[in-house]
Structure formats: C-alpha cells, structure tokens
Amino acid sequence: MNTPSHSEKGFKYAIIAVVCFMLFLLFKVLAAREIISIDTYTYGGGFLMILVVIASLIGFFFSIRGLKDPNSMKKTIGIVVNAILIVLFVITTIVNAIDFSNSFS
C-alpha cells in the first residue's frame with residue numbers, strides 16, 4: 001500500500017477547506033434569506049470557519065513539506081489554495097484588530 005505524498009495530503013486538506021468554505025457561504029445565504037436563524041448561522045458559520053483555518057494551516061504545512069515532490073497539478077493546487085486561504089485569514093484578522101482598536105479611539 002502506497003502512502004500519499006505530502007503534496008497529495010496538502011491537496012486533500014485544500015479540498016476540505018474549500019468545501020467547508022462553500023458550506024459557510026451556503027449558511028450565509030440561508031441566513032440572509034431567513035431560512036435559518038441567526039444563532040444557527042453564527043455557531044455553524046463559526047465552526048466551519050475554524051475548520052477552514054485549521055484545514056488550510058495543516059494543508060499548507062503538508063504542501064510546503066511536499067515542495068521536493070515531483071511537480072504535479074495537485075501539488076500546485078494544494079499550495080495555491082492553502083496559501084490563499086491563509087492570506088485571507090491573516091488579512092481578516094488584521095482588519096478586525098484595526099477595527100477593534102479604532103472603536104476605542
């Protein structure tokens with residue numbers, strides 16, 4: 001039995017992160033149309049975003065470890081998707097911190 005390479009693991013975590021992000025967007029649409037309650041959206045969306053961050057961090061770790069693997073489409077997609085999701089998380093965190101600090105000014 002072959003063990004998956006680091007690039008393949010990074011790709012799988014990227015797919016998990018994208019699926020969780022799509023589910024978050026679905027929750028957002030359902031909450032906007034008042035199909036689900038705001039409480040359900042808040043807790044479910046928060047949980048899904050935590051999963052996105054964790055999956056993208058783990059996926060990025062595996063993708064970086066797989067840089068020495070042979071070039072493939074999965075390797076490229078894994079690195080790009082995980083990096084984009086991490087950058088989005090960092091930017092969101094910075095913007096929220098700036099908004100928080102400005103609320104006391």
Side-chain angles (χ1 to χ4, degrees):
M1 179 177 226
N2 293 337
T3 58
S5 67
H6 293 297
S7 297
E8 289 178 10
K9 289 179 186 177
F11 176 75
K12 288 179 183 177
Y13 278 104
I15 296 300
I16 291 169
V18 168
V19 167
C20 289
F21 189 73
M22 293 298 174
L23 287 173
F24 169 76
L25 293 177
L26 176 66
F27 265 53
K28 191 170 186 84
V29 169
L30 292 175
R33 293 186 180 174
E34 297 181 356
I35 297 172
I36 62 172
S37 70
I38 296 297
D39 288 339
T40 304
Y41 164 69
T42 302
Y43 295 122
F47 177 72
L48 286 171
M49 289 313 294
I50 289 171
L51 288 179
V52 168
V53 170
I54 291 171
S56 62
L57 285 172
I58 294 170
F60 189 71
F61 172 75
F62 279 122
S63 294
I64 294 300
R65 288 193 60 183
L67 284 177
K68 293 182 181 178
D69 294 347
N71 288 338
S72 68
M73 187 60 85
K74 285 184 177 182
K75 175 182 175 179
T76 306
I77 291 172
I79 291 172
V80 170
V81 169
N82 288 318
I84 287 171
L85 290 172
I86 288 175
V87 167
L88 286 174
F89 173 70
V90 168
I91 289 172
T92 303
T93 304
I94 291 171
V95 169
N96 284 336
I98 291 171
D99 286 344
F100 183 73
S101 68
N102 288 341
S103 68
F104 293 112
S105 299

**Q** Using a 4.5 Å cut-off on heavy atoms from C-beta on, say whether the side chain of Ile54 contacts that of Ile58.
**A** yes

**Q** Search all heavy atoms of Ala55 against all heavy atoms of Asn82 and return the closest pair with its distance.
**A** O-OD1, 4.2 Å

**Q** Which atom pair, heavy atoms only, marks the closest approach of Val52 to Ala17?
**A** CG2-O, 3.5 Å

**Q** For Ser63 and Ile79, work out which heavy atoms get closest and say how close.
**A** CB-CG1, 3.5 Å

**Q** Kindly work out whether a path of hydrophobic side-chain contacts (I/L/V/M/F/W/Y, heavy atoms less than 4.5 Å apart) joins Phe62 to Phe60.
**A** no

**Q** With a 4.5 Å heavy-atom cut-off, do Phe27 and Leu48 have their side chains touching?
**A** yes

**Q** Hey, does the side chain of Lys75 reach the backbone of Leu67 with a donor-acceptor pair shorter than 3.5 angstrom?
**A** yes

**Q** Between Lys28 and Tyr41, what is the shortest heavy-atom contact and its length?
**A** NZ-OH, 3.4 Å

**Q** For a 4.5 angstrom cut-off between non-hydrogen side-chain atoms, does Phe21 reach Leu25?
**A** yes

**Q** Ile86 and Ile94: same hydrophobic cluster, using ILVMFWY side-chain contacts below 4.5 Å?
**A** yes

**Q** Using only atom types and a distance under 3.5 Å, with no angle test, would you say the side chain of Ser7 pairs donor to acceptor with the backbone of Gly66?
**A** yes

**Q** Under 4.5 Å between side-chain heavy atoms, counting indirect links through other Ile/Leu/Val/Met/Phe/Trp/Tyr residues: same cluster for Met49 and Leu85 or not?
**A** yes

**Q** Determine the minimum heavy-atom distance between Leu88 and Thr92, stating which atoms define it.
**A** O-OG1, 2.8 Å

**Q** Hydrophobic clustering (ILVMFWY, side-chain heavy atoms < 4.5 Å, transitive) - are Phe24 and Ile15 grouped together?
**A** yes

**Q** Leu23, Ile50: one ILVMFWY side-chain cluster at the under-4.5 Å cut-off?
**A** no

**Q** Which pair of heavy atoms, one from Asp69 and one from Ser5, lies closest together, and at what distance?
**A** OD2-CB, 3.4 Å

**Q** Which value, rounded to the nearest 0.5 Å, describes the distance between Ile98 atom CD1 and Ser103 atom OG?
**A** 12.5 Å

